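Computation of the quantities below employed the complete heavy-atom set of this structure, encompassing side-chain atoms and omitting hydrogens, waters and symmetry-equivalent molecules. Treat the numbers as computed from the prediction; the structure is a model and nothing was measured.
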Amino acid sequence: MTEADILNIRNDLTGLVVSVFSVSFGMVSGYIAGLWLFLKDAPFSLRFLAFTLLSFGLAFMGALTFGLHELLLGTQRAWSKLAATDTGIPGFGNDAPDWLYGFTLYEAAALLGGAAFLAIYLALFYLTFCYRWPAQEEAR
């Protein structure tokens, strides 16, 4: 595999990662809007159904992200087998600066993204099932 092939695959995969993030962000944003406008006053069964659908959608996006992760690591392995590169790029986020305490930039970004989505998911669970929304005043 040539340097150009690896860079082309890497660029395509990066586009897919951005697409997965965009769809996930859209799902969460749509759920927040639905929660504020409709679900906060909905019966438990409807809130449960909506949260279950959100969970399945996010699980699908997580599985897709894991597959992309493996492909991205494959491009890193292929890149490291090249004797020399014309671009002079040493790698794709595999540097491990001291301030990351042994994590590579790629690992730290993946960990931060996973922690952020977990926090958002837990917050949506709380807002869906535990939080008591204030009663809306009747329109006058």
Side-chain angles (χ1 to χ4, degrees):
M1 188 173 278
T2 68
E3 179 177 359
D5 293 335
I6 297 169
L7 287 173
N8 190 32
I9 292 169
R10 188 71 183 205
N11 284 337
D12 290 345
L13 290 173
T14 301
L16 287 173
V17 168
V18 170
S19 294
V20 167
F21 176 78
S22 283
V23 170
S24 299
F25 184 76
M27 289 170 58
V28 168
S29 297
Y31 187 84
I32 290 170
L35 184 61
W36 174 251
L37 296 172
F38 308 108
L39 289 175
K40 65 182 180 182
D41 298 323
F44 178 81
S45 58
L46 187 58
R47 286 182 287 137
F48 180 78
L49 177 63
F51 193 78
T52 300
L53 290 173
L54 175 73
S55 298
F56 284 145
L58 290 178
F60 175 78
M61 289 296 149
L64 187 59
T65 301
F66 184 75
L68 290 173
H69 165 75
E70 292 301 316
L71 292 171
L72 287 166
L73 290 178
T75 60
Q76 177 61 43
R77 286 189 294 272
W79 190 263
S80 66
K81 291 179 183 177
L82 295 176
T85 61
D86 292 331
T87 59
I89 299 171
F92 303 112
N94 58 341
D95 293 336
D98 292 337
W99 53 273
L100 286 179
Y101 303 102
F103 288 106
T104 65
L105 293 171
Y106 182 78
E107 291 168 340
L111 185 63
L112 180 61
F117 264 99
L118 178 63
I120 291 167
Y121 185 75
L122 293 175
L124 290 176
F125 178 87
Y126 173 76
L127 290 172
T128 302
F129 298 112
C130 302
Y131 182 71
R132 297 292 163 233
W133 296 86
Q136 292 183 345
E137 295 181 23
E138 295 290 325
R140 294 179 188 187

Check your understanding: Which distance, rounded to the nearest 0.5 Å, do you find between the CD1 of Ile32 and the CG of Leu124?
Key -> 5.0 Å
Check your understanding: Aromatic rings Phe129 and Phe44: how do their planes relate, parallel, tilted or perpendicular, breaks at 30° and 60°?
Key -> tilted
Exercise for review: I would like to know whether Val28 and Tyr121 meet side chain to side chain contact (heavy atoms under 4.5 Å, CB included); could you show each step before the answer?
Suggested key: CA-CA 9 Å; Val28 168; Tyr121 185 75; over 6 Å; no
Review point. What pair of heavy atoms forms the shortest contact from Gly102 to Ala96, and how long is it?
Key: O-CB, 4.3 Å
Practice item. Evaluate side chain to side chain contact (heavy atoms under 4.5 Å, CB included) for Phe92 paired with Thr104, printing each intermediate quantity in order. Key: CA-CA 10 Å; Phe92 303 112; Thr104 65; over 6 Å; no
Review point. Do Leu71 and Leu16 touch side chain to side chain, with heavy atoms closer than 4.5 Å?
Key: no
Review point. In the single-linkage hydrophobic clustering (I, L, V, M, F, W, Y; side-chain heavy atoms under 4.5 Å), do Phe66 and Val18 co-cluster?
Key: no
**Study point:** Connected via hydrophobic side-chain network under 4.5 Å: Leu111 and Trp99
**Key:** yes
**Study point:** Cluster overlap Leu112 with Leu58, hydrophobic side-chain contacts below 4.5 Å
**Key:** no
**Study point:** Stepwise side chain to side chain contact (heavy atoms under 4.5 Å, CB included) test for Val17 and Leu72
**Key:** CA-CA 10 Å; Val17 168; Leu72 287 166; 4.0 Å; yes
Review point. Given the rule that I, L, V, M, F, W and Y join up when any side-chain heavy atoms are under 4.5 Å apart, are Leu105 and Phe21 in one cluster?
Key: no
Practice item. Please indicate whether Trp36 has more than 12 foreign heavy atoms, meaning atoms of other residues, nucleotides or ligands, lying under 6.0 Å from its CH2. Key: no
Review point. How many angstroms lie between CH2 in Trp79 and CD1 in Ile9, if you round to the nearest 0.5 Å?
Key: 11.5 Å
Exercise for review: Step through the shown structure and confirm whether more than 12 heavy atoms of other residues, nucleotides or ligands are within 6.0 Å of CZ on Phe103.
Suggested key: no
Review point. Is the distance between the ring centroids of Phe25 and Phe117 less than 6.0 Å?
Key: no
**Study point:** Sidechain-backbone polar pair: Arg47 side chain, Lys40 backbone, donor-acceptor under 3.5 Å
**Key:** no
Check your understanding: Name the one of Phe51, Tyr31, Phe48 that satisfies ring pair (Phe, Tyr, Trp, His ring centres under 6.0 Å) with Phe125?
Key -> Phe51
Review point. For Gly91, does its backbone N or O pair with a side-chain atom of Gln76 as donor and acceptor, under 3.5 Å?
Key: no
